[in-house]
Amino acid sequence: MSSIERLGVDLGARSYEILVGSGLLATAGHCIKPLLKQPRVIVLSDRAVADLYLATLTRALDDAGIAHEAIIVPVGEQTKSFGELARVVDALLAARVERGTTLVALGGGVIGDLGGFAASIVLRGIDFIQIPTTLLAQVDSSVGGKTGINTTHGKNLVGSFYQPRLVIADIDALSTLPRRELAAGYAEVAKYGLIGDAAFFGWLEGHAAGLIEGDEAARQHAVLKSCAAKAAVVASDEREAGARALLNFGHTFGHALEAECGYSDELLHGEAVAVGMVMAFDLSARLGLCPLEDAARVSRHLASVGLPTTPAAISDRVWDPDRLIEHMQQDKKVQDGKITFVLARGIGEAFLARDVELHEVHRLLQGAIAA
Ligand code: NAD
Ligand code: GLY
């Protein structure tokens, strides 16, 4: 069994800990209890995660003398919708939550984003705790307090900044995650290396295969490094006035691809980010900002873990550069009508670019679609 590691997210009165390790779910009640305003929680989960892990969590809550009820929502990105949000809020109110009740989000990024948003608006805000069960959620979505849902206008366009009181990342949960989901989450791990830590990217090149195949030590190291990188960025720029936008590396392209696929299983979020990161490196190289070899290295590495690196690798649908650019213009980083891109000067050296000509983006997309 691996040891349990603790990291802090330093946000003054809203600071919290991230626990990373093995066997954490079974003891979660005792970790949670000291933070509760009343010994009662509502667990939000999706059907698939609930079938796998709700019994372990409820036993852990019983062990710690914490009363609990569960709200179960359907699996999938479509659950991050106004309709499901309304149902969750209604179920919380029907359960007569009080301001002292805590919501526990047990699941992937969909559950964390939806649960965090519901917690932020019910009774004008109740506490919530994240128990992420996907690699993506453990390394990214559970940390930093971005919550929200999708609308027909785009992804994550309605939501709030609302920090959890605790994040419990039990790496044992990754053992049941389908390989495709692991690889998708891995894209967000690689992102931390690509934006600011070339040495970590080098380590990943040597350990990605083991991490995906089940090497626990590699998983724990990758989750810890990723959470530490994210915690540092969030502490310095909680509301994304600057540095935090770097965490959206690959996301402007990725969100456009996801929108085009209707947020369906055709393309998982992490897969979209993988293609988007390759596009961001290719655009940087095309603009003469970054060595071609770095762009090729990124693409090679992501492909080596089975991630798509071009639109054609996603599906054989007809991709239209103009439509992708239209989606990008809905991005939250658009300023005065101009899309902000996260580009790179090399591996580990991402920066924000507000002056990229759209015809360059169009040409890049045409080339990527033809690849
Ligand atoms: P997800 O929550 O849909 O989970 C993926 C799938 O894995 C689901 O089918 C789920 O039921 C299943 N699953 C979860 N844990 C499992 C386990 N341990 N074993 C077996 N199956 C399991 O998706 P995700 O990839 O975790 O998250 C994607 C979402 O996260 C997107 O909506 C994205 O926008 C959001 N996100 C948010 C942030 C943020 O900062 N808030 C950051 C990145 C991504
Ligand atoms: N996933 C991007 C962020 O949390 O800012």
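Heavy atoms only: backbone and side chains are in, while hydrogens, waters and symmetry mates are out. In what follows, residues are counted from 1 in the order of the sequence shown. Ligands are counted one by one from 1 in listed order, and the atoms in each one are counted from 1 as well.
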How far apart are the C-alpha atoms of Thr176 and Tyr53, what are their side-chain angles, what is the distance that settles it, and do they pass the side-chain hydrogen bond (donor to acceptor under 3.5 Å, both in side chains) test? CA-CA 10 Å; Thr176 51; Tyr53 296 111; 2.6 Å; yes
Step through the shown structure and confirm whether more than 12 heavy atoms of other residues, nucleotides or ligands are within 6.0 Å of NE2 on His153. no
Under 4.0 Å to a heavy atom of Asp113 - the qualifying atoms of ligand 1, by number: 35 (C), 36 (N), 37 (C), 39 (C), 41 (N)
Please verify whether a non-hydrogen atom of Arg244 lies at under 4.0 Å from ligand 1. no
Considering Glu271, Glu77, His251, Arg47 one by one, which has a heavy atom nearer to atom 32 (O) of ligand 1 than any of the others? Glu77
Nearest neighbour in protein (non-hydrogen) for atom 20 (C) of ligand 1: Thr176 O, 3.1 Å
Quick check on contacts: which atoms of ligand 1 are under 4.0 angstrom from a heavy atom of His269? 33 (C), 43 (C), 44 (C)
Which one of Val110, Leu114, Thr133 has a non-hydrogen atom at the shortest distance from atom 1 (P) of ligand 1? Val110
Could you check, using the six-membered ring where one of them is a Trp, whether Phe249 and Phe281 have ring centers closer than 6.0 angstrom? yes
Parallel, tilted or perpendicular: which fits the ring planes of His301 and Phe201, with parallel below 30° and perpendicular above 60°? perpendicular
Distance alone, cut at 3.5 Å: any donor-acceptor contact between the side chains of Asp113 and Thr147? no
Check against side-chain hydrogen bond (donor to acceptor under 3.5 Å, both in side chains), Ser315 and Glu266: CA-CA 7 Å; Ser315 78; Glu266 182 182 347; 2.8 Å; yes
Before signing off on this row, confirm whether Lys146 and ligand 2 have an N or O atom pair separated by under 3.5 Å. yes
When distances are taken from atom 4 (O) of ligand 2, the protein heavy atom at minimum range is Lys230 NZ, 2.5 Å
Between Trp203 and Phe200, what is the ring plane arrangement, given parallel below 30°, perpendicular above 60°, and tilted in between? parallel
Heavy atom of the protein closest to atom 22 (C) of ligand 1 (residue, atom name, distance): Leu177 CD1, 3.5 Å
In ligand 1, which numbered atoms sit nearer than 4.0 Å to a non-hydrogen atom of Ala48? 11 (O)
For His251, is at least one N or O under 3.5 Å away from an N or O on ligand 2? no
Kindly identify the option in Asp51, Asp140, Leu174 whose heavy atom sits closest to atom 43 (C) of ligand 1. Asp140
Need the ligand 1 atom indices (1-based, order shown) with element for anything under 4.0 Å from a heavy-atom of Val75. 8 (C), 9 (O), 11 (O)
With atoms numbered from 1 as shown, which atoms in ligand 1 lie under 4.0 angstrom from a non-hydrogen atom of Glu181? 5 (C), 6 (C), 7 (O)
Determine the minimum heavy-atom distance between Cys290 and Ala344, stating which atoms define it. CB-O, 3.0 Å
The atoms of ligand 1 lying under 4.0 Å from a heavy atom of Lys80, numbered in the order shown, are 31 (C), 32 (O), 33 (C), 34 (O), 35 (C)
What are the atoms of ligand 1, with element, lying closer than 4.0 Å to any heavy atom of Lys230? 40 (O)
Can a donor-acceptor pair be found, under 3.5 Å and without considering hydrogens, that links the side chain of Lys33 to the backbone of Ala64? yes
Identity and distance of the protein heavy atom lying nearest atom 1 (N) of ligand 2: Asp140 OD1, 3.1 Å
Numbered atoms and elements of ligand 1 in range of Asp46, under 4.0 angstrom, heavy atoms: 10 (C), 11 (O)
Whether the Glu240 and Asn248 side chains hold a donor-acceptor pair (N or O, under 3.5 Å, no angle test) is what I'd like checked. yes
Looking only at non-hydrogen atoms, the one of Ala272, Gly116, Pro178, Ser141 nearest atom 38 (C) of ligand 1 is Ser141
Decide whether the shortest distance between a heavy atom of Tyr263 and an atom of ligand 1 is less than 4.0 Å. no
